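Here's the structure we're looking at; comments come further down.
Just so you know, these numbers use all the heavy atoms, side chains as well, and skip hydrogens, waters and symmetry mates. This one's a predicted model, so the numbers in the text were calculated from it and none came from an experiment. The chains referred to below are lettered A, B, ... by the order of the sequence lines, with proteins before strands, and numbering in each begins at 1.
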Number of protein chains: 2
Amino acid sequence: MIGDRPPGSSEPSRREQIYRVAGRLFSERGYHATSMRDLAAELGIQGGSLYAHISGKEELLSEIVQRAARQFDEALFSLRTEDLTPQERLREAMSRHLTVIAENMETATVFFHEWKHLSPEPLSAVISWRDGIEAFYRELIAQGVEAGVYRLDLNIKMAANLVLSSVNWAYTWYRPGGQLSPQDVAASFEQMLLSGLEQPVLEKPIREKK
Amino acid sequence: MIGDRPPGSSEPSRREQIYRVAGRLFSERGYHATSMRDLAAELGIQGGSLYAHISGKEELLSEIVQRAARQFDEALFSLRTEDLTPQERLREAMSRHLTVIAENMETATVFFHEWKHLSPEPLSAVISWRDGIEAFYRELIAQGVEAGVYRLDLNIKMAANLVLSSVNWAYTWYRPGGQLSPQDVAASFEQMLLSGLEQPVLEKPIREKK
DNA sequence: CCTACCGATCGGTAGG
DNA sequence: CCTACCGATCGGTAGG
């Protein structure tokens, strides 16, 4: 049993290498446009040799998508029990959500573009996951409304939609290594979302009716 | 020359039928996962017969993506010369942008997912298009800042990013035929974006320092 | 628009 | 992990 993988080594196992390269190629070319021979060539081996490590192409996609979902879950769901104000909680959720995407741009791209190509079981798992994330954000916002910090007339579904749009779309434009950290983006988005783009009209006197 | 296409007929030409079915299949299965035989079968003809009407698979993708870009351009760029307040202009832009997506969900999906698979010339055209749209929204927002209706400390790039996120992401969740019209979504998003989610603190008295 | 076909490439396997 | 190979399917064409 010893020696199957380098135990104290920092090198990823061959299997891990395959997942990583697959994630990159799938994000660049798309799942169906990437052949197993393309993938093998990037790893310096023959196409058939991949099957000593993995069971098939579908497993690669399924694993990449499931890992992405798990990363979001691990980043976000612990927030439920943390003692924060509603605004802090929302900001923290956006920040972590953006961080997962920013630190895994390739995986995020595969996740958002290729999940529809999964076979039925992992496909339905992803759909359930998406429902769970939407419910999570709706809950965050509903808590803020109940606490009286968000507008009482908020359409919670649409507000959650807006927040999710702002963080998810980042996979198309965010540039890791650029000037903006995921926290910067989250702070900027959250400020705009909470306070609005509009200049508030200050000290407007109460006027007599017409 | 007469009779090439039914002149007064409302039936689309075969070529148009091919584009429409291709748009649907590409959006459902992805470009590379759709074979020309799949497409032909949907039209009730043989695979090879497609080539009497089109030059190749790439032309289909290129045409679908370019049409989508044109639809956005036609909907949005006329706004530049219309006499509206900055808020009206932004709301109208979001409304039209969402309408293009809502009324062409399949095309929008192909547009956002498959443009990377274009050959170099149409690919660079799409990239230029995207730059143009970003500039358009930044300009809309900058005008509002100059007019004093948006916050002076707005990060215009990020604000445009936020607006674009909110409208573009709709291709993933909007359901045509549901309760919400694109105008409803635009009104809801615009209200939240301009005024913010937060309950404004009204009549807060000016306090003495500490 | 069909029949018949082209070379290329696909995911995957057997046997070593 | 390689060699050699499988059947299936791909985009596209010739000739009608």
Considering only distance and modelled atom types, tabulate donor-acceptor pairs under 3.5 Å from the side chains of residues 133-143 of chain A, sequence neighbours left out.
| unit_1 | atom_1 | unit_2 | atom_2 | d |
| --- | --- | --- | --- | --- |
| Y137(A) | OH | H97(A) | ND1 | 2.9 |

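Residues from residues 23-37 of chain B lying near DNA chain D, meaning a heavy-atom separation below 4.0 Å, are T34(B), S35(B), M36(B), R37(B) in numerical order. Near-neighbour residues of DNA chain C inside residues 52-65 of chain A, defined by a heavy atom below 4.0 Å, number-ordered: G56(A), K57(A).
Stems are defined here as 3 or more consecutive Watson-Crick or G-U wobble pairs with pairing distances under 3.5 Å; those involving DNA chain C are C:1-16 with D:1-16.
Spacing between atom CD of Q46(A) and atom C1' of dC10(C) amounts to 16 Å, rounded to whole angstrom units. Distance OH (Y51(A)) to C1' (dG15(C)): 17 Å, rounded to an integer number of Å. Spacing between atom CG of L39(A) and atom C1' of dG11(C) amounts to 12 Å, rounded to whole angstrom units. To the nearest angstrom, P of dC10(D) lies 13 Å from CG of L50(B).
Listed by chain and number, the residues in a salt bridge (Lys or Arg N to Asp or Glu O under 4.0 Å) with D38(B) are R29(B) (sequence neighbours excluded). Remark: F26(B) pairs with Y31(B) by the ring-ring contact (aromatic ring centres under 6.0 Å, His included) rule, at least two apart or across chains.
With respect to R96(B) and E82(B), a salt bridge is recorded, a charged nitrogen being found less than 4.0 Å from a carboxylate O. Salt bridge E190(B)/R91(B): present, at least one basic N to carboxylate O contact under 4.0 Å. Using a 4.0 Å cut-off between a side-chain N of Lys or Arg and a carboxylate O of Asp or Glu, R20(A) and E42(A) do not qualify as a salt bridge.
Across all non-hydrogen atoms, the minimal contact from M105(A) to P176(A) is CG-CG, 3.6 Å.
Aromatic ring centres of F111(B) and W129(B): separated by under 6.0 Å. When ring centroids are compared, F112(B) and W169(A) come within the 6.0 Å threshold.
Exactly one of E106(A), E16(A), E74(A) qualifies for a salt bridge (charged side-chain N to carboxylate O under 4.0 Å, His left out) with R67(A). That residue is E16(A).
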